[in-house]
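Here's the structure, in structure tokens; my notes come after.
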Amino acid sequence: MIMKLSDSDLRRHCERRLGALDRERQSWFAHWRELSDFILPRRGQFLGLPGQSDRGRKANGKILDSTGTLAARTLASGLMSGVTSPARPWFRLTVSDPALAQVAGVRAWLDQVQESMLRVFARSNLYNALATVYEELGVFGTGALLVLEDEHDVVRAWPLTVGEYWLASSDRQVVNTLYREFPITVFQLVERFGRDVVSQHVREQYDAGTWDREYAIVHAIEPNEGRDLARADNRNMPFRSVYYEKAGVDDRLLSVSGFENFPAMCPRWHLVGNDVWGRSPGMDALPDVKGLQTMHKRFSQALEKLINPPMVAPPSLRNETASSLSGAVTYVADSTGVGFRPAYQINPPINHLTSAITDRQRSVQAAFYADLFLMMSQLDDVRSATEIIERREEKLVMLGPVLERLHDELLDPLINRVFGLMERAGAVPPPPEALSGQAMDVEYVSSLAQAQRAVATGGIERFVSFAGRAAAMRPDVLDKLDVDQAVDVYGDLLGVPGRLIVPTEQATAARAQRMQAQQQQAA
């Protein structure tokens with residue numbers, strides 16, 4: 001049964017659901033607030049929408065030791081360069097059938113589309129947005145990236161910060177609902193939605209020239225239950241998109257439209273049970289980060305007392321000039337008094353305090369995987385290339401589950417979303433007939449993905465090397481080795497572009513032609 005909601009009913013539905021999502025999210029707020037205070041003080045929104053007058057306020061007053069902030073930055077930078085580096089291809093398009101990928105024109109078309117997508121990534125703000133998402137993900141455990149259509153750059157990304165959005169998931173634990181609240185000026189409201197759509201109060205502000213006053217807007221994206229499958233308009237798409245003024249006095253809506261696919265990517269670092277919100281390295285490191293602030297405070301107090309201790313003096317010096325500056329002279333009334341001296345002598349264990357702080361800093365850096373991403377710079381002595389590779393692979397074991405979740409919850413939907421928007425904008429060339437009805441797959445060839453594949457490539461190298469040594473004793477053992485197949489598999493594992501590898505049929509024909517030429521020359 002199809003039930004079409006009126007604008008007023010839809011507005012009340014969104015308000016009720018936003019209230020329910022807000023109650024569910026409240027239990028996470030205290031933890032997020034501490035993470036923001038001690039690690040990322042410029043991230044997070046916990047006290048409602050900020051006004052223009054206090055956006056530049058000092059926000060890092062609780063941080064005395066910036067190890068946590070720097071470690072979070074290292075983690076975000078490492079993920080950016082290791083997973084989605086703008087400097088090199090980090091994914092490639094393929095098909096599930098390996099034989100189909102060798103058909104003339106298929107591999108060339110896939111490579112052409114991949115290069116076009118990478119250009120769209122580079123031309124838009126997607127890479128800048130991904131860097132923000134990685135920081136949010138590492139500290140708060142959940143990131144959110146909204147990717148919308150853009151008439152200039154094909155796509156436009158909007159990274160969200162924790163506290164300004166609400167999430168809900170399906171029974172498969174896939175996020176399919178996003179509500180967000182954001183500020184927008186009077187001028188932007190009228191420019192985006194039109195003067196006749198906004199509320200009466202906003203129109204009055206616009207007509208009076210108060211264009212920079214801000215209003216809170218709610219954007220709701222959720223499954224469009226009850227849609228009419230027989231209609232293909234934007235109100236009957238699989239996902240519904242609703243904008244409305246939060247403080248509007250009536251039930252009017254600014255906009256109602258829809259999406260064919262969920263336009264938000266909401267990766268979680270680690271999930272427990274059926275939680276919607278994720279856990280993070282920042283949550284693991286928070287006790288050490290807070291302890292560092294206390295240790296630095298005590299360390300500074302010890303240094304202050306050691307360098308500038310409290311002083312005592314006899315009552316006769318009460319009205320006399322006294323100074324603790326270097327080189328200054330303080331005259332004591334008599335030579336038999338106690339004089340001007342420190343109240344007590346202290347000898348703080350500076351070396352022990354420094355060592356304890358260093359150990360705590362290393363714990364924070366380990367929680368954020370800084371030892372993985374900075375491994376080369378932290379090696380105390382020169383080691384062999386083999387040892388460096390083995391140590392890197394050992395550390396990547398800890399990051400493996402996170403990479404798989406990033407592929408599943410961030411990169412797969414992002415690539416599908418960008419491809420769909422490019423196809424809609426006419427930026428994708430028509431596919432060859434061989435791909436008709438075929439679905440594309442995505443393979444990740446980033447440096448971290450390849451490092452995880454190093455076990456497989458190392459096995460191929462050792463096997464080929466062993467076969468070569470065995471052939472020295474028994475040449476016919478090479479009949480057991482399919483070198484052509486080994487080259488194809490090895491290149492596939494390394495993410496080598498398909499156009500650089502000659503198909504087996506073409507290589508066989510070239511060999512036959514070369515052998516025929518040699519036979520003719522010998523004759």
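The shown structure was predicted, so the numbers you read here are calculated from the model rather than taken from an experiment.
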Trace of the side-chain contact (heavy atoms from CB on, under 4.5 Å) decision for V83 with L411: CA-CA 9 Å; V83 179; L411 302 183; 3.5 Å; yes
Check for me whether the distance between the ring centres of W211 and F187 falls short of 6.0 Å. yes
Can Q26 and R23 be counted as having a side-chain donor-acceptor contact under 3.5 angstrom? no
Closest non-hydrogen atom pair between E409 and C266, with its separation: OE1-O, 3.7 Å
Nearest-0.5 Å distance, CD of residue Q301 to NE2 of residue H296: 13.0 Å
Enumerate donor-acceptor pairs with a distance under 3.5 Å from any side-chain N or O in residues 135-154 to protein atoms, sequence neighbours excluded.
| residue | atom | partner | partner atom | Å |
| --- | --- | --- | --- | --- |
| E135 | OE1 | R43 | NH1 | 3.1 |
| E135 | OE1 | R43 | NH2 | 2.7 |
| E136 | OE1 | V162 | N | 3.1 |
| E136 | OE2 | T161 | OG1 | 2.7 |
| T142 | OG1 | G278 | N | 2.9 |
| E149 | OE1 | R424 | NH1 | 3.4 |
| D150 | OD2 | H152 | N | 3.0 |
| D150 | OD2 | D153 | N | 2.7 |

Check whether the side chains of E222 and H13 place a donor and an acceptor atom closer than 3.5 Å, and report yes or no. yes
Checking D288 side chain against R360 main chain: does a donor-acceptor pair fall under 3.5 Å? no
Would you mind reporting whether E115 and P89 have side-chain heavy atoms less than 4.5 Å apart? no
For R417 and F259, run side-chain contact (heavy atoms from CB on, under 4.5 Å): C-alpha distance rounded to whole Å, both residues' side-chain angles, the deciding distance at 0.1 Å, then the answer. CA-CA 11 Å; R417 175 70 173 162; F259 298 101; 3.7 Å; yes
Which distance, rounded to the nearest 0.5 Å, do you find between the CE of M283 and the OG of S280? 4.5 Å
Where G68 and V289 come nearest, the two heavy atoms and their spacing: CA-CG2, 4.2 Å
So does R123 have more than 12 non-hydrogen atoms from other groups sitting under 6.0 Å from CZ? yes
Just by distance, do the side chain of T69 and the backbone of I39 share a donor-acceptor pair under 3.5 Å? yes
Checking L421, L178, I221 against P263 for side-chain contact (heavy atoms from CB on, under 4.5 Å), the one that qualifies is I221
Using the side-chain hydrogen bond (donor to acceptor under 3.5 Å, both in side chains) rule, take R203 and Q200 through it: C-alpha gap first, then chi angles, then the decisive distance, then the call. CA-CA 5 Å; R203 285 199 297 270; Q200 178 65 30; 2.5 Å; yes
Using 0.5 Å steps for rounding, measure from the CD atom of Q188 to the OH atom of Y215. 13.5 Å
Trace of the salt bridge (Lys or Arg N to Asp or Glu O under 4.0 Å) decision for D22 with R25: CA-CA 5 Å; D22 189 63; R25 195 187 65 171; 3.4 Å; yes
Rounded to the nearest 0.5 Å, the CD1 atom of I63 sits from the CD atom of Q293 at a distance of 6.5 Å
Closest heavy-atom pair and its distance - R252, V198: NH1-O, 3.4 Å
Answer yes or no: is there a side-chain heavy-atom contact under 4.5 Å between V175 and R268? yes
Does a side-chain N-to-carboxylate-O contact under 4.0 Å join E164 and R180? no
Which value, rounded to the nearest 0.5 Å, describes the distance between D275 atom CG and E24 atom CD? 8.0 Å
Is there a donor-acceptor contact under 3.5 Å linking the side chains of T94 and E443? no
Which heavy atom of L93 sits nearest a heavy atom of M440, and at what distance? CD1-SD, 4.2 Å
Is the side chain of S36 donor-acceptor paired with the backbone N or O of W32 at a distance under 3.5 Å, no angle test? no
With a 4.5 Å heavy-atom cut-off, do V155 and F121 have their side chains touching? no
Of the non-hydrogen atoms in L35 and G282, which two are nearest, and what is the gap between them? CD2-O, 3.3 Å
Could D9 and R12 be called an ion pair, given the rule that one side-chain N must be under 4.0 Å from one carboxylate O? yes
Can you sort out the partners of Y243 under ring pair (Phe, Tyr, Trp, His ring centres under 6.0 Å), two or more places apart, ordered by chain and number? F193, H219
If you define the side chain from C-beta out and look only at heavy atoms, does anything of W166 sit under 4.5 Å from R17? no
For W158, does the CH2 atom sit with more than 12 other heavy atoms under 6.0 Å from it, leaving out its own atoms? no
Carefully, step by step, assess E214 and I184 under the rule side-chain contact (heavy atoms from CB on, under 4.5 Å). CA-CA 5 Å; E214 290 186 337; I184 188 171; over 6 Å; no
What's the separation between atom CG in D412 and atom CG in D441, rounded to the nearest 0.5 Å? 9.5 Å
Could you tell me if the ring centre of W277 sits under 6.0 Å from that of Y165? yes
Within the distance-only criterion (no hydrogens, no angle test), does the side chain of S355 pair as donor or acceptor with the backbone N or O of N351 below 3.5 angstrom? no
So, do S255 and V197 sit near enough that their side-chain heavy atoms are less than 4.5 Å apart? no
F262: partners by ring pair (Phe, Tyr, Trp, His ring centres under 6.0 Å), with sequence neighbours left out: F239
Answer whether the closest heavy-atom distance between the side chains of F368 and R73 falls below 4.5 Å. no
Just do the side-chain contact (heavy atoms from CB on, under 4.5 Å) check on T294 and K290 with the steps written out, would you? CA-CA 7 Å; T294 302; K290 294 174 66 175; over 6 Å; no
Quick check on side-chain contact (heavy atoms from CB on, under 4.5 Å): which of T185, V190, T210 does Q205 satisfy it with? T210
What's the shortest heavy-atom distance between Y369 and P281, and which atoms? CE1-CG, 4.2 Å
Please tell me if the side chains of F419 and V113 come closer than 4.5 Å, counting only heavy atoms from C-beta onward. yes
I415 side chain reached by M117 side chain, heavy atoms, under 4.5 Å: yes
